[in-house]
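These notes are about the structure you will find just below.
First the proteins, then the strands, lettered A, B, ... as listed; each starts at 1.
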Amino acid sequence: MELTGAEIVVQSLAAEGVEFVFGYPGGSVLHIYDELFKQDKVKHVLVRHEQGAAHAADGYSRASRKVGVCLVTSGPGVTNAVTGIATAYMDSIPMIIITGQVPTHAIGLDAFQEVDTVGITRPCVKHNFLVKDVRDLAVTMKKAFHIATTGRPGPVLVDIPKDVTADRCEFVYPERVEIRTYQPVVRGHSGQIRKALELLLEAKRPMIYTGGGIVLADASNELTRLVHKLGFPCTNTLMGLGGFPGTDPQFVGMLGMHGTYEANMAMQHCDVLLAIGARFDDRVIGDPRDFARFSRRIIHIDVDPSSISKRVRVDVPIVGDVREVLLELTAQLEAHAGAVDKPALDAWWTQINEWRGRDCLRYDRAATIIKPQFVVEKLWEVTGGDAIVTSDVGQHQMWAAQFYKFDKPRRWINSGGLGTMGFGLPSAMGAFMANPEATVACVTGEASIQMCIQELSTCKQYHLPIKIINLNNRYMGMVRQWQEFFHGNRYAESYMDALPDFVRLAEAYGHVGLRIENPSDVEPALREAFARRDQLVFLDFLTDATENVYPMVAGGKGLTDMILAEDL
Amino acid sequence: MQHIISILLENEAGALSRVAGLFSARAYNIESLTVAPTEDPLVSRMTIVTSGSADVIEQITKQLNKLIEVVKVVDLCEAGHLARELMLIKVKATGAARDEMKRMADIFRGRIVDVTDAIYVIELTGDGAKLDAFIEAIDASLILETVRTGVCGIARGERVLRV
């Protein structure tokens with residue numbers, strides 16, 4: 001059957017089982033919008049800014065196992081979406097971005113709303129395509145979904161000139177595609193896995209460190225099983241939270257720049273480190289030379305060979321899908337005659353528990369002003385620890401990560417790699433659309449929330465009952481904290497003057513707004529908000545402006561060089 | 001240390017800029033880059049001369065392998081290999097310098113491929129050091145123009161890079 005390019009796009013999305021497309025129309029995508037209008041399989045969600053479209057598709061993907069799709073027009077539509085695309089790329093999120101382009105005959109002539117989309121996005125996508133012939137469109141769509149979802153996932157962009165969406169050709173959606181140059185490794189090398197197991201069984205002070213790869217590979221059950229069998233301590237990166245249950249006694253908290261004392265100490269003092277789906281980045285291990293000063297043998301499991309031995313030399317590299325490798329590692333462990341060194345492990349736990357005794361996340365619970373940590377703790381209690389929590393970027397993000405104990409994967413959604421302010425609200429929209437039964441909260445701050453505040457309008461249109469937890473300290477808190485620590489208390493441009501009245505702002509968008517100024521009102525306000533199942537509630541908590549995130553490892557410092565609350 | 005990286009990649013629009021972008025985005029150095037289709041017109045062969053520590057070269061090859069269009073990557077310097085470069089050099093050739101230039105071209109096994117009464121264009125192939133030596137050997141004031149292809153390389157013996 002002959003279809004137009006626009007019909008092929010929509011039919012391809014339907015064939016991939018896409019429920020929602022997050023987008024914003026414009027000149028070069030009008031044919032595609034016309035086809036979306038004529039059918040009801042693929043629903044369109046109209047955002048208020050293309051950055052919101054990309055973040056919403058991203059949040060949808062993170063909160064489910066499905067691929068988020070976003071659709072924007074050429075020129076400014078694309079450039080607005082770039083922040084969202086780069087955000088997804090840094091966190092390896094499978095996502096499809098369909099962009100309109102000026103007609104093929106106008107490309108390169110500085111046409112209205114023309115940008116070199118493929119050029120602009122090349123460094124922040126897993127792959128991108130410019131489709132110049134309608135006959136290539138269906139197979140390109142198939143390739144895009146295949147590349148986005150396999151290997152180390154990532155965003156894939158398909159740029160389609162307007163005339164291609166109007167041209168016609170025979171449409172057959174391929175069942176599968178073979179790309180001879182793209183064959184991601186799935187199974188790990190058995191010999192390497194055996195070596196890893198021997199190391200783990202020899203360990204006197206073992207440590208397991210896991211990242212976003214566990215969540216992306218849906219391997220948290222396999223990880224939890226292995227960690228329980230071994231009895232080893234486990235830490236998660238910011239991206240990996242929920243990959244191992246946050247309330248499990250073997251969980252030592254998040255590690256890194258704002259990780260727990262016990263997690264960072266155990267990372268440095270372990271003798272065997274098992275790293276899974278994590279990439280030893282600067283926020284996680286601090287200075288790599290300092291990290292390498294401590295001698296330990298490292299096993300690293302990752303689907304991306306380029307993540308291995310990138311910042312830290314490893315002893316046993318294992319390339320493969322982390323879930324597959326964990327299954328085989330566990331099977332080999334069960335078949336193995338040996339066992340872990342129990343007395344050594346007991347001594348190691350004694351040491352770790354001593355570190356835990358520092359109670360590094362303690363804060364002033366008797367304060368008469370609202371402490372942001374207290375809000376997150378209460379949020380955890382009120383939601384039974386089972387909400388999907390998105391966040392923006394800054395202090396509130398760290399407090400959410402430290403104090404909301406995620407027991408399940410895909411419950412914690414934040415921009416870890418790129419650190420994108422403005423991510424929280426639109427990603428919460430996507431997360432809710434993927435899980436309409438779930439409780440969705442966006443933990444944010446008065447600075448971040450204003451970067452995509454326009455999406456409150458989208459939330460009204462689609463009845464998205466997100467609960468916005470605004471930790472309003474009148475400062476870009478993390479900037480203020482760095483200025484306090486490293487710039488002699490000179491708070492250059494980090495004070496948020498002329499803030500809007502968030503309660504009235506929420507009301508202007510048709511939502512409910514609450515302002516909370518006293519610690520005793522925190523829990524009742526949260527309960528009231530979450531009781532409003534069908535409404536978006538904007539909770540504006542006036543929090544302590546002087547509060548800092550502890551522990552803290554300053555940029556470029558070693559992981560054990562922590563600033564603790566008690567030091568000050 | 002200098003490395004010669006040979007890449008087979010799909011002969012598609014944009015593939016070259018992906019490779020070049022990979023180097024510039026990571027502040028890796030490209031000393032020279034040559035690319036042309038192979039006997040299979042769907043596949044191009046690229047040779048990149050770069051330098052860096054062992055860790056950097058390892059990252060470069062891993063990152064190159066991640067590019068969707070890249071079929072295979074090999075560091076030729078891991079074993080015996082041949083590296084050749086072509087240079088065309090336009091020189092003044094008048095008076096006493098005319099004979100001298102002809103002699104130098106002969107010594108370096110170059111060929112004079114264009115002649116006027118005042119000018120020679122000399123074609124010279126060899127490894128980079130030989131071409132450098134030729135430039136050193138002749139009077140610099142006689143050089144009007146040089147153009148070099150950059151290195152292309154191939155492994156010695158049984159080692160073969162193909163799809």
Side-chain angles (χ1 to χ4, degrees), chain A residues 86 89-90 92 104 107-108 116-133 136 140 143-144 146-148 150-157 159 177-185 279 288-289 292 300 302-314 317 319, chain B residues 3 5-30 33 35 37-46 48 50 52-75 78 160-163:
Chain A
Y89 180 66
M90 285 291 272
S92 306
T104 46
I107 289 178
D116 174 9
T117 299
V118 166
I120 284 180
T121 58
R122 187 179 298 122
C124 61
V125 292
K126 185 172 176 188
H127 198 60
N128 58 18
F129 297 94
L130 169 63
V131 184
K132 289 199 274 192
D133 187 325
D136 298 332
T140 304
K143 278 185 186 172
H146 175 61
I147 292 170
T150 48
R152 180 177 179 175
V156 178
L157 181 144
D159 194 28
V177 280
E178 270 298 306
I179 306 174
R180 64 172 171 176
T181 55
Y182 175 72
Q183 311 280 351
V185 179
R279 58 188 176 87
R289 280 163 306 177
H300 191 182
D302 204 285
V303 74
D304 177 4
S306 76
S307 283
I308 292 176
S309 291
K310 184 168 71 177
R311 298 190 78 243
V312 165
R313 274 271 141 210
V314 308
V319 176
Chain B
H3 289 259
I5 297 177
S6 254
I7 306 162
L8 281 180
L9 72 170
E10 300 284 1
N11 186 9
E12 283 173 9
L16 169 62
S17 58
R18 271 183 228 283
V19 172
L22 185 155
F23 277 77
S24 63
R26 291 174 179 76
Y28 300 149
N29 172 38
I30 296 182
L33 184 157
V35 61
T38 60
E39 77 280 7
D40 175 357
L42 297 177
V43 178
S44 288
R45 170 91 174 230
M46 186 183 279
I48 294 180
T50 184
S53 64
D55 286 349
V56 167
I57 300 298
E58 182 181 333
Q59 263 303 305
I60 289 176
T61 48
K62 282 175 170 176
Q63 294 290 347
L64 284 168
N65 267 312
K66 264 173 83 172
L67 295 178
I68 306 289
E69 285 111 340
V70 168
V71 190
K72 277 182 186 164
V73 180
V74 62
D75 180 358
E78 282 171 359
V160 167
L161 178 64
R162 54 184 300 122
V163 177

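- Taking A/D133 as the reference, A/R135 meet the side-chain hydrogen bond (donor to acceptor under 3.5 Å, both in side chains) condition, with sequence neighbours excluded.
- Interface remark: B/E58 contributes side-chain atoms only to the contact with chain A (heavy atom separation under 4.5 Å).
- B/V56 does not touch chain A: none of its heavy atoms, backbone or side chain, sits under 4.5 Å away.
- In B/K62, the NZ atom is crowded: over 12 heavy atoms of neighbouring residues, nucleotides or ligands sit closer than 6.0 Å.
- Of the atoms belonging to A/N128, heavy atoms from both backbone and side chain fall under 4.5 Å from chain B.
- Note on A/R152, A/K310, A/K126, A/R180: by heavy-atom pairs under 4.5 Å with chain B, the leading option is A/R180.
- Counting only distance, with no hydrogens or angles, the side chain of B/Q59 and the backbone of A/S306 share a donor-acceptor pair below 3.5 Å.
- Annotation: side-chain hydrogen bond (donor to acceptor under 3.5 Å, both in side chains) contacts of A/D302 (sequence neighbours excluded): none.
- Close placement of the A/Y182 and A/H146 rings is indicated, their centers lying within 6.0 Å of each other.
- Interface summary for chain A: among B/Q63, B/E69, B/E12, the most heavy-atom pairs under 4.5 angstrom belong to B/E69.
- With hydrogens and angles disregarded, no donor-acceptor distance shorter than 3.5 Å links the side chain of B/T50 to the backbone of B/H3.
- The most heavy-atom pairs under 4.5 Å with chain A, out of B/G14, B/S17, B/G21, B/A13, come from B/S17.
- No other option in B/N65, B/V71, B/I68 has as many heavy-atom pairs under 4.5 Å with chain A as B/I68.
- The pair B/R162-B/D40 does not meet the salt-bridge criterion, since no charged nitrogen lies less than 4.0 angstrom from a carboxylate oxygen.
- Contacts between B/V70 and chain A at a heavy-atom distance below 4.5 Å involve the backbone alone (N, CA, C, O).
- Neither the backbone nor the side chain of A/L130 has a heavy atom closer than 4.5 Å to any heavy atom of chain B.
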